[in-house]
Amino acid sequence: MKITKELLKEWAACHSGYRWFIEKFPQGGDVHEVGKALRADGRTDDAGWLTNCVFDHFIKEPTAIAEYVAADVKGTLEDTANSPTSASGNSSKAAASGDYSKAASSGHSSTAASSGDSSTAASSGDSSTAASSGYSSTAASSGDSSTAASSGYSSTAASSGDSSKAASSGNSSKAASSGNSSKAASSGDSSTAASSGYSSAAASSGHSSTAASSGYSSKAEASGEKTIAMVAGIEGAARAGEKGAFALAWQDDEQIRIAVGIVGEDEIKADVWYRVAEGKLVEA
């Protein structure tokens with residue numbers, strides 16, 4: 001994903017951060033390279049802000065998840081190549097503990113685990129797992145049936161591959177998963193979950209949290225007050241918490257339409273699944 005001046009303006013970047021970006025990346029730069037440069041210059045808060053903006057972007061563009069995860073895993077594997085926390089090969093494992101620590105593992109059934117503030121874990125390969133625990137931690141996993149889990153405030157988890165799973169816990173946490181039947185779950189106030197793929201699911205729990213799912217027959221649920229759930233794919237289902245709202249796409253002959261449900265209006269109930277039938281919202 002390329003970060004540009006226009007994108008930073010859209011995201012309302014601070015004046016100091018914007019000037020830093022112009023000096024470092026006058027022609028724009030890859031999100032991972034920009035994040036790495038921010039951390040190298042000691043701008044860890046800005047790096048965290050950038051990650052949050054990118055994951056919020058996944059709500060609008062869920063199909064961008066797969067490319068992001070693949071690049072994130074690739075970058076971490078390169079950064080940790082030949083280090084004690086890097087393992088390559090079938091059933092390999094990598095573990096790192098400590099502030100700003102990194103763990104990377106590549107290969108079938110591989111595992112990467114990292115614990116510590118601002119830590120990172122990346123794993124690539126079928127059935128691979130990446131787990132990161134710590135404030136502002138990040139976990140990324142790429143491969144069929146892969147899993148990414150991150151725990152800690154402002155943590156992020158991203159997973160790519162059919163039937164993959166991403167789970168993130170902590171206020172303002174982000175979870176993104178891409179692939180058919182994939183799942184993304186995020187827990188914490190103002191948390192975000194985005195999932196892309198056929199029959200995919202996104203679930204977010206917490207006050208003012210958001211869940212978005214893209215793909216045929218996918219699901220999105222957001223539990224908690226003033227939550228939002230969105231499904232960008234027909235034959236989907238959604239539900240939202242008290243004082244929340246949800247949106248479902250449906251097809252009327254050749255025209256795609258959006259059905260909106262607002263909890264407390266038109267007999268729409270909180271925490272109840274809804275689908276669209278003949279242009280009307282009905283309990284699923």
Side-chain angles (χ1 to χ4, degrees), residues 51-66 68-69 139 147-151 153-160 163-250 258-265 268-276 281 283-284:
T51 300
N52 287 339
C53 287
V54 169
F55 273 73
D56 286 341
H57 176 72
F58 291 153
I59 289 293
K60 299 178 180 178
E61 297 290 342
T63 54
I65 297 170
Y68 176 90
V69 175
T147 301
S150 182
S151 176
Y153 287 88
S154 301
S155 62
T156 62
S159 182
S160 176
S163 302
S164 63
K165 298 177 179 65
S168 183
S169 175
N171 292 340
S172 301
S173 62
K174 318 287 182 182
S177 183
S178 175
N180 293 337
S181 300
S182 62
K183 295 178 176 63
S186 183
S187 176
D189 290 349
S190 301
S191 61
T192 300
S195 182
S196 174
Y198 184 94
S199 297
S200 62
S204 184
S205 174
H207 187 86
S208 300
S209 62
T210 302
S213 185
S214 173
Y216 183 88
S217 194
S218 59
K219 294 182 178 180
E221 65 171 315
S223 61
E225 280 198 357
K226 300 179 181 178
T227 56
I228 301 171
M230 299 175 288
V231 176
I234 60 175
E235 302 296 335
R239 66 179 178 180
E242 293 287 352
K243 300 179 182 178
F246 59 85
L248 288 166
W250 64 284
I258 300 294
V260 177
I262 300 176
V263 176
E265 297 183 8
I268 298 296
K269 305 171 187 175
D271 302 317
V272 173
W273 285 105
Y274 286 90
R275 61 183 178 83
V276 179
L281 291 171
E283 293 187 20

**Message:** Suppose we screen for salt bridge (Lys or Arg N to Asp or Glu O under 4.0 Å). Which residues come up paired with E283, at least two apart in sequence or across chains?
**Reply:** K269
**Item:** Results of salt bridge (Lys or Arg N to Asp or Glu O under 4.0 Å) for K226 - residues two or more places apart only
**Value:** none
**Message:** Let me confirm one number: the CG-CZ distance from D271 to R239, rounded to the nearest 0.5 Å.
**Reply:** 6.5 Å
**Asked** Taking all atoms of both residues into account, what is the closest heavy-atom pair of A259 and L281, and its distance?
**Response** CB-CD2, 3.9 Å
**Prompt:** Out of curiosity, S191 OG to H207 NE2, how far, rounded to the nearest 0.5 Å?
**Reply:** 11.5 Å
**Message:** Nearest 0.5 Å, please: how far is OG in S182 from NZ in K165?
**Reply:** 9.5 Å
**Asked** Going through the distances and angles, do Y274 and V272 end up as a side-chain contact (heavy atoms from CB on, under 4.5 Å)?
**Response** CA-CA 6 Å; Y274 286 90; V272 173; 3.8 Å; yes
**Prompt:** Is a donor on one side and an acceptor on the other found under 3.5 Å between the side chain of N180 and the backbone of Y198?
**Reply:** yes
**Fill in**
Those residues at least two apart in sequence (or on a different chain) that pass side-chain contact (heavy atoms from CB on, under 4.5 Å) with A240 are T227, F246, V263
**Message:** I'd like to check the side chain to side chain donor-acceptor pair (under 3.5 Å) partners of S223; sequence neighbours left out, ordered by chain and number.
**Reply:** S205
**Prompt:** Which value, rounded to the nearest 0.5 Å, describes the distance between E225 atom CD and K243 atom NZ?
**Reply:** 5.0 Å
**Prompt:** If you take all heavy atoms of A193 and A184, which pair is closest and at what distance?
**Reply:** CB-O, 3.9 Å
**Prompt:** Is there a side-chain contact between I262 and I268 (heavy atoms, below 4.5 Å)?
**Reply:** no
**Complete:** S218 meets the side chain to side chain donor-acceptor pair (under 3.5 Å) criterion, sequence neighbours left out, with S213
**Complete:** Test side-chain hydrogen bond (donor to acceptor under 3.5 Å, both in side chains), reference S177, set S164, S159, S200, S196, output is S164
**pair L248-I258: side-chain heavy atoms closer than 4.5 Å** = no
**Request:** Apply side-chain contact (heavy atoms from CB on, under 4.5 Å) to A237 and list each qualifying residue two or more places apart in sequence or on a separate chain.
**Result:** K219, W273
